[in-house]
K.L.:
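Sharing a structure, written as structure tokens. Questions coming.
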Amino acid sequence: MDILVNLQAFLATADSAGFSAAARKLNVSTSVVAKRVTQLEARIGTPLFHRSTRQLRLTEAGQRYVHRARSLVADATDLLSRMGEKGHDLVDHLRIKAPTSLTVARLADAFSAFQTQNPLVKLDIVLIDRPVDPVTEGFDIAIGAFPLSFGGVVDEPLCALKRLLCASPAYLKKHGTPKHPRDLVDHRCLSFLPTGPEWIFDGPRGRISVQVSPLLSSNEGHVLVRGAIAGNGIALISHYLVADALRDGTLKPVLPDFPIPELWVKAAIPERRRNAAAVQALLTLLKTSLAPSL
């Protein structure tokens, strides 16, 4: 168990960038954390941190080993949890990458419900709006809708993500309603930054691609919603973010005869963590919370 607690001290120090903060996180004294890290460095024969009076920085070796160490600690924690008596609470520490807008709107409640059901599972939730390889960046689960896959990673589909164009009645009255996707080049457009200014539509004769010049781009969907409601342009946005505004008429669908292809929200999981009990429990809850689509 010495190796395990020493690895935990190493990870806490790397995450906190200091022995004192790591000690508070682990609920032990600063000297204990420093001793455990020193023992680990002696065991592997190389320093893991650059030490100075002002800061603690990972060495090249520390940067190389930190993600692997995180996986090892997670595996050991999961194994110990499974070896306990049946019926015991899950014990684990999950590091999760999630998109900003979806987390604020939906996933935050799901994560809270999961920890209510599993109070001994620690969650580190990092909001990132770009594709992430969970193996190289040290995540147990990476949630997103980008159509990319990585080696050594299993993709678990969570739900379909519906998107549409919409605008306020005031904007459409002032600027007119486009009849074809090509008309969008003459309109004020509000674009989701991670998916870019190339807007794709399904037309009666196949896919249509339009390169817009956005008046507003943001990686946070609520910003685009507020801009559309204010009459500042036509937004390409996820349906779950504007469902209420569409129901009450604050926003109107645009080009409904040219639907936007659905994306799929998925969870990318390192193969070695796929069967971890806490990972499977969280996936089950997320699928239930998000099904059948957003």
Side-chain angles (χ1 to χ4, degrees), residues 7 10-12 14-17 58 60 62-75 77-78 92-112 114-115 121-161 163 191-198 217-224 237-238 240-241 261-276 278-287 289-290 294:
L7 286 170
F10 164 54
L11 292 174
D15 292 341
S16 306
L58 285 169
E60 183 178 341
Q63 294 174 5
R64 189 164 60 248
Y65 296 140
V66 66
H67 298 317
R68 176 69 171 147
R70 201 181 302 279
S71 295
L72 286 172
V73 169
D75 286 348
T77 302
D78 179 62
D92 209 331
H93 187 168
L94 302 182
R95 191 163 185 260
I96 302 165
K97 172 267 177 186
T100 304
S101 299
L102 182 56
T103 301
V104 172
R106 299 287 293 274
L107 293 181
D109 288 340
F111 292 142
S112 297
F114 176 78
Q115 283 201 300
V121 178
K122 297 180 180 179
L123 300 181
D124 292 341
I125 300 168
V126 184
L127 304 186
I128 301 175
D129 294 301
R130 60 172 173 80
V132 164
D133 180 347
V135 173
T136 59
E137 299 198 38
F139 289 97
D140 298 294
I141 301 174
I143 300 170
F146 294 98
L148 296 177
S149 296
F150 301 95
V153 174
V154 177
D155 290 335
E156 284 279 352
L158 298 179
C159 71
L161 178 64
R163 299 177 298 159
S191 182
F192 187 53
L193 199 57
T195 52
E198 183 184 11
S217 295
S218 177
N219 69 334
E220 216 300 296
H222 293 89
V223 175
L224 303 180
I237 197 74
S238 297
Y240 72 92
L241 289 172
E262 286 184 351
L263 296 176
W264 268 88
V265 178
K266 64 181 181 178
I269 307 155
E271 287 181 349
R272 65 196 322 271
R273 290 289 282 156
R274 181 183 188 181
N275 294 320
V279 169
Q280 287 300 315
L282 180 55
L283 288 177
T284 298
L285 187 145
L286 289 176
K287 290 176 181 180
S289 300
L290 300 177
L294 290 170

K.L.:
Does atom NZ of Lys122 have more than 12 heavy-atom neighbours from other groups under 6.0 Å away?
P.N.:
no
K.L.:
Measuring from atom CG of Asp155 to atom NZ of Lys266, what distance do you get when rounded to the nearest 0.5 angstrom?
P.N.:
4.0 Å
K.L.:
Return the minimal non-hydrogen interatomic distance between Trp264 and Leu158, and the atom names on each side.
P.N.:
CZ3-C, 4.3 Å
K.L.:
Leu102 versus Tyr240: any side-chain heavy-atom pair under 4.5 Å?
P.N.:
yes
K.L.:
So do the side chains of Asp140 and Ile96 get within less than 4.5 Å of each other, counting heavy atoms only?
P.N.:
no
K.L.:
Report the residues that fulfil salt bridge (charged side-chain N to carboxylate O under 4.0 Å, His left out) with Arg68, sequence neighbours left out, ordered by chain and then residue number.
P.N.:
none
K.L.:
Less than 4.5 Å apart, any side-chain heavy atom of Leu123 and any of Gln115?
P.N.:
yes
K.L.:
Taking only residues two or more places apart in sequence, or in another chain, which ones meet Phe139 in a ring-ring contact (aromatic ring centres under 6.0 Å, His included)?
P.N.:
none
K.L.:
Heavy-atom count check: over 12 atoms from other residues, nucleotides or ligands less than 6.0 Å from Glu60 CD?
P.N.:
no
K.L.:
Taking side chain to side chain donor-acceptor pair (under 3.5 Å) as the test, write out the residues that go with Asn219, two or more places apart.
P.N.:
Asp129
K.L.:
Quick check: do His93 and Asp124 have side-chain heavy atoms less than 4.5 Å from each other?
P.N.:
yes
K.L.:
Is the backbone N or O of Ala108 less than 3.5 Å from a side-chain atom of Thr103, with the two atoms forming a donor-acceptor pair by type?
P.N.:
no
K.L.:
Is the closest side-chain heavy-atom distance between Leu286 and Leu107 below 4.5 Å?
P.N.:
yes
K.L.:
If I compare all heavy atoms of Leu58 with all of Ala14, which pair ends up nearest, and what's the gap?
P.N.:
CD2-CB, 4.1 Å
K.L.:
If you compare all heavy atoms of Val279 against all heavy atoms of Arg274, which two are closest, and at what distance to 0.1 Å?
P.N.:
CG1-O, 4.2 Å
K.L.:
Hey, are Asp92 and Arg273 close enough for a salt bridge, meaning a charged N less than 4.0 Å from a carboxylate O?
P.N.:
yes
K.L.:
From Glu137 CD over to Arg70 CZ, what is the distance, rounded to the nearest 0.5 angstrom?
P.N.:
11.5 Å
